[in-house]
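One structure is given below, encoded as structure tokens.
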Amino acid sequence: MKRPTSAPHYHEQVFRVARQIPPGRVTTYGAIADYLSLGSARMVGWALFNNLSLDDVPAHRVLNRNGELSGRVHFRPPELMQALLEAEGIAVENDQVVDFASKFWHPQELGY
DNA sequence: TCACTGACAAGGG
DNA sequence: ACCCTTGCCAGTG
């Protein structure tokens, strides 16, 4: 549902960035929060949590700072998050992305 | 209105 | 490397 948003909505900003995470790459709650100057990484998780139904937002590419799939419990089934990542060629082991550092993508890489 | 909660992060011991 | 504390800020009771 679309609602009249006059004030800056955290949701919209988070989605805007999340949608641009390249397939096969991942980023973190903190990186998105930092890029948007939201002040708190918790806001990012909160935004994604409240909009799980949006299929066009690759929420599975957003991890915590350790590259762990901390948000997997909110997928149905929980294993879906890992499955989506592996489908993009991202190896996951023990709820953690393998070689997280090389897969990491920061919003600042947006064509500058 | 106050207190507690959370898909988090950074720093200290 | 692990555990605990603090900062963060919108939602909820």
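Note that the structure is predicted; figures quoted are calculated from it, not measured.
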- Stepwise, does the side-chain contact (heavy atoms from CB on, under 4.5 Å) test hold for V26(A) with E88(A)? CA-CA 11 Å; V26(A) 293; E88(A) 298 179 353; over 6 Å; no

- After noting the C-alpha distance and the side-chain angles of V44(A) and V17(A), does the key distance pass the side-chain contact (heavy atoms from CB on, under 4.5 Å) rule? CA-CA 11 Å; V44(A) 178; V17(A) 175; over 6 Å; no

- F104(A) vs L63(A), side-chain contact (heavy atoms from CB on, under 4.5 Å): CA-CA, chis, key distance, verdict: CA-CA 10 Å; F104(A) 180 75; L63(A) 316 171; over 6 Å; no

- Message: Show, in sequence, the C-alpha distance, side-chain angles and deciding distance for V14(A) and W46(A), and conclude whether the side-chain contact (heavy atoms from CB on, under 4.5 Å) test is met.
- Response: CA-CA 10 Å; V14(A) 171; W46(A) 169 76; over 6 Å; no

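D34(A) contributes no side-chain N or O that, together with a main-chain N or O of S37(A), makes up a donor-acceptor pair within less than 3.5 Å.
The gap from the P atom of dC8(C) to that of dG12(B) amounts to 16 Å, rounded to the nearest Å. Separating the P atom of dC4(B) from that of dT5(C) is a span of 15 Å, rounded to the nearest Å.
Close approach of DNA chain C to chain A, defined as any atom under 4.0 Å from a non-hydrogen atom of the protein, starts and stops at dG7(C) to dG11(C).
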Mind listing the N/O atom pairs, protein and nucleotides 10-13 of chain B, below 3.5 Å?
residue : atom : partner : partner atom : Å
dA10(B) : N7   : R65(A)  : NH1          : 2.5
dA10(B) : N7   : R65(A)  : NH2          : 3.1

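If you take OH of Y35(A) and P of dA9(B), they are 19 Å apart, rounded to a whole angstrom. Atom CG of N50(A) and atom C1' of dA7(B) are 11 Å apart (whole Å).
Contacts between residues 69-82 of chain A and DNA chain B, defined by a heavy-atom separation below 4.0 Å, involve S70(A), G71(A), H74(A), F75(A), listed by number.
Between F15(A) and H11(A), the angle of the ring planes stays under 30°, which puts this pair in the parallel group of the 30/60° scheme. Ring orientation note: the planes of H74(A) and F49(A) are nearly perpendicular, at an angle over 60° on the 30°/60° scale.
Under a hydrophobic-cluster definition in which Ile, Leu, Val, Met, Phe, Trp and Tyr are linked whenever side-chain heavy atoms come within less than 4.5 Å, directly or via other members, I90(A) and W105(A) are assigned to different clusters.
Counting heavy-atom neighbours within 6.0 Å of R16(A) CZ, excluding the residue itself, gives a total of 12 or less. Summarising the local packing, CG of D99(A) is surrounded by more than 12 heavy atoms from other residues, nucleotides or ligands at distances under 6.0 Å.
For A41(A) and W46(A), each mapped to the nucleotide of DNA chain C holding its nearest heavy atom, the one lying further toward the 5' end belongs to A41(A).
A33(A) comes within 4.0 angstrom of nothing in the nucleic acid, heavy atoms only.
For the side-chain contact (heavy atoms from CB on, under 4.5 Å) with V62(A), the lone residue among L48(A), V57(A), L69(A) that qualifies is L48(A).
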